[in-house]
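Residue indices begin at 1 and follow the sequence shown.
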Amino acid sequence: MLTSSDEDIRIAADAIKAGRLAAFPTETVYGLGGDAFNGSALARIFEVKRRPRFDPLIIHIADASALDMVADVGKLSSPARKKLGALCQNLWPGPLTVVLPKQRSVPLLATSGLPSVAVRFPAHPVAQKLIRYSTGAVAAPSANPFGYLSPTNAIHVQEQLGSRIDFIIDGGRSSIGVESTVLDITEEPPCLLRPGGIPREVIEALIGHVDADIPPDSDPARRTPGQLPSHYAPRTPLFLHNTMPDISFNPDEVYLFFDEETLCLWNMRNVPHTGGHIFTLTSGRDKKSVDKNLEAAANLFDILHIIDKINASAIHVQKAPDSGLGTAINDRLTRAAAKRT
Ligand code: TXA
Ligand code: MG
């Protein structure tokens with residue numbers, strides 16, 4: 001495990017330059033990074049994650065001017081170029097990934113053979129340094145085995161992939177806690193492929209309408225494996241509820257409420273207690289918190305990692321309010337619940 005000192009970041013950066021892999025913090029989740037232009041590093045990313053080759057990687061840059069290294073912006077229509085400008089100017093660096101026409105030099109392995117490439121400029125200072133000190137373009141999926149919960153701290157990475165990667169940089173807890181929003185702007189209107197750290201409302205305020213519901217039978221190039229019905233899943237079966245059902249607590253089960261308020265209401269209904277573990281996604285400490293969804297998103301994967309260690313027979317989860325980051329939270333929970341079927 002490396003610290004986030006400059007010296008340690010350089011050790012990880014040198015490893016990436018030499019074609020090896022290093023896991024690193026970002027503001028969304030931890031990434032598993034390798035040189036975006038090195039075919040064998042890319043192959044190793046797929047191998048370590050046991051990720052199917054049809055699932056393309058996001059390329060991380062640390063400077064908007066590095067965009068041209070990986071994307072051929074000239075191939076965009078002029079309205080799309082304007083939209084890209086507005087997005088980069090307002091939301092980069094940050095949790096937004098943009099799908100663009102690919103630069104020829106980007107290996108097809110990175111994009112799973114697609115003519116497009118996903119690019120993100122993370123806000124986390126450690127991620128930025130790692131990218132700058134290495135090759136300027138780092139391919140990085142979330143640092144978890146394919147289909148499992150994403151890591152939001154270095155221990156999650158250590159536990160899941162520690163024996164299979166060269167270095168992990170510990171940069172503390174990811175502040176946002178859900179992955180970046182993936183937006184394809186090669187389409188008109190642009191298409192939101194994965195809800196994430198930047199809410200749809202914020203994007204639409206900048207560039208107008210975006211399509212968000214991709215029909216399951218659409219062109220495969222528009223589908224993204226984040227869209228697979230089962231993903232982001234704990235090992236324990238997860239059941240998602242609009243409101244928690246009036247069932248008695250089962251001592252073998254875990255109940256994950258959105259906030260203290262609904263937990264209190266639920267208790268007042270005199271539902272018979274027979275035990276069961278109770279968690280909430282928000283602490284209730286910050287009653288005036290403007291957006292509880294922000295706090296819930298930051299806690300989501302960490303709490304699910306903790307719950308998964310209890311070896312309960314089921315996890316019952318209450319949905320988040322469907323606005324802002326709540327959309328991304330409910331998207332991940334819906335896919336986690338789909339694992340049962
Ligand atoms: O927040 C994040 O985006 C994190 C951190 C590490 O940056 N990364 C991440 O990567 O979530 P990953 O590999 O777990 O998810 C990447 C998503 C997948 O759903 C993938 O299918 C989609 O981006 N994607 C990548 N390239 C694409 C492309 N050319 N067209 C459409 N979707 C693409
Ligand atoms: Mg992932």
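Hydrophobic clustering keeps L108 apart from L57 (ILVMFWY residues linked when any side-chain heavy atoms are closer than 4.5 Å, directly or through intermediates). A chain of hydrophobic side-chain contacts below 4.5 Å, direct or via other Ile, Leu, Val, Met, Phe, Trp or Tyr residues, connects L42 to I165. The hydrophobic clustering, which links ILVMFWY residues whose side-chain heavy atoms are closer than 4.5 Å, places L114 and F46 apart. The cluster map of Ile, Leu, Val, Met, Phe, Trp and Tyr, joined by side-chain heavy atoms under 4.5 Å apart, puts I58 and V98 in different clusters. Linking ILVMFWY side-chain heavy atoms closer than 4.5 Å, directly or via other members, places V70 and F121 in a single hydrophobic cluster.
A donor-acceptor pair under 3.5 Å is formed between the side chain of S112 and the backbone N or O of R53. In this structure, the side chain of H241 does not engage the main chain of T243 through any donor-acceptor pair within 3.5 Å. Panel note: side chain Y232, backbone F301; no donor-acceptor pair is recorded below 3.5 Å. Without hydrogens or angle criteria, E204 side chain to V210 main chain gives a donor-acceptor distance under 3.5 Å. A side-chain donor-acceptor contact under 3.5 Å links N330 to the backbone of A320. Between the side chain of E253 and the backbone N or O of A314, no donor-acceptor pair lies under 3.5 Å.
Salt bridge present: K129 and D6 bring a charged side-chain N and a carboxylate O closer than 4.0 Å. At a threshold of 4.0 Å, the pair D331-R335 counts as salt-bridged, since one of the basic side-chain nitrogens sits closer than that to a carboxylate oxygen. Ion pairing between R44 and E47 holds under the 4.0 Å rule for side-chain N and carboxylate O.
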Derivation and outcome, side chain to side chain contact (heavy atoms under 4.5 Å, CB included), residues V178 and V29: CA-CA 6 Å; V178 289; V29 300; 5.9 Å; no
Side chain to side chain contact (heavy atoms under 4.5 Å, CB included) between Q160 and K49, intermediate numbers included: CA-CA 10 Å; Q160 298 177 29; K49 275 192 61 121; over 6 Å; no
Under the ring-ring contact (aromatic ring centres under 6.0 Å, His included) rule, what do Y148 and H231 come out as? Steps first, then yes or no, please. CA-CA 6 Å; Y148 190 61; H231 215 81; over 10 Å; no
So K17 and Y133, side chain to side chain contact (heavy atoms under 4.5 Å, CB included) or not? Walk me through it. CA-CA 9 Å; K17 279 199 268 186; Y133 296 170; over 6 Å; no
Intermediate values then yes/no, side chain to side chain contact (heavy atoms under 4.5 Å, CB included), Y255 and H277: CA-CA 6 Å; Y255 301 83; H277 300 264; over 6 Å; no
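With a 6.0 Å radius and a threshold of 12 heavy atoms from other residues, nucleotides or ligands, E201 has its CD atom above the threshold.
For S174 and T152, the side-chain atoms include no donor-acceptor pair closer than 3.5 Å. Side-chain polar atoms of T280 and T282 form no donor-acceptor pair below 3.5 angstrom. No side-chain N or O of S150 forms a donor-acceptor pair with one of R332 less than 3.5 Å apart. Under 3.5 Å, the side chains of T181 and R200 contain no donor-acceptor pair of N or O atoms. A donor-acceptor pair shorter than 3.5 Å can be found between the side chains of R120 and T26.
Residues forming a side chain to side chain contact (heavy atoms under 4.5 Å, CB included) with K83 (at least two apart in sequence, or on another chain): E188, P190, I207. Applying the salt bridge (charged side-chain N to carboxylate O under 4.0 Å, His left out) rule to D166 yields the partners R20; only residues at least two apart in sequence or on another chain are considered. Legend: residues meeting ring-ring contact (aromatic ring centres under 6.0 Å, His included) with H156, ordered by chain and number and at least two apart, are H305. Residues satisfying the side-chain hydrogen bond (donor to acceptor under 3.5 Å, both in side chains) criterion with S65, sequence neighbours excluded, are D63. Listed by chain and residue number, nothing satisfies the salt bridge (charged side-chain N to carboxylate O under 4.0 Å, His left out) test with K319 (two or more places apart in sequence, or in another chain). Residues passing the salt bridge (charged side-chain N to carboxylate O under 4.0 Å, His left out) test with K82: none are found, sequence neighbours excluded.
Looking at heavy atoms from C-beta onward, P122 lies in side-chain contact with H60 at the 4.5 angstrom threshold. Residues P145 and L161 have side chains in contact (heavy-atom distance under 4.5 Å, counting atoms from C-beta outward). Side chains of N293 and F258 form a contact here, defined as non-hydrogen atoms less than 4.5 Å apart. No side-chain heavy atom of K309 sits less than 4.5 Å from a side-chain heavy atom of R235. Side chains of L21 and V48 form a contact here, defined as non-hydrogen atoms less than 4.5 Å apart.
To the nearest 0.5 Å, atoms NZ (K75) and CD (Q103) are separated by 7.5 Å. A distance of 11.5 Å separates OG of S4 from CG of L130, quoted to the nearest 0.5 Å. Atom CG of residue L300 and atom CD of residue E295 lie 12.5 Å apart, to the nearest 0.5 angstrom. Distance check: L281 CG to L304 CG gives 7.5 Å after rounding to the nearest 0.5 Å. To the nearest 0.5 Å, atom CG of residue L91 and atom CG of residue L96 are 5.5 Å apart.
The two residues A12 and A22 come nearest to each other via the heavy atoms CB-CB, 3.9 Å. Closest of all the heavy-atom pairs between L206 and A86 is CD1-O, 4.3 Å. The minimum heavy-atom distance between L100 and A71, with the atom names listed, is CD1-CB, 3.7 Å. Between G136 and M69 the shortest heavy-atom distance is C-CE, 4.2 Å.
In this structure, R51 is not positioned above the aromatic face of F146 in the sense of NZ or CZ being under 6.0 Å from the six-membered ring centre and within 45° of the axis.
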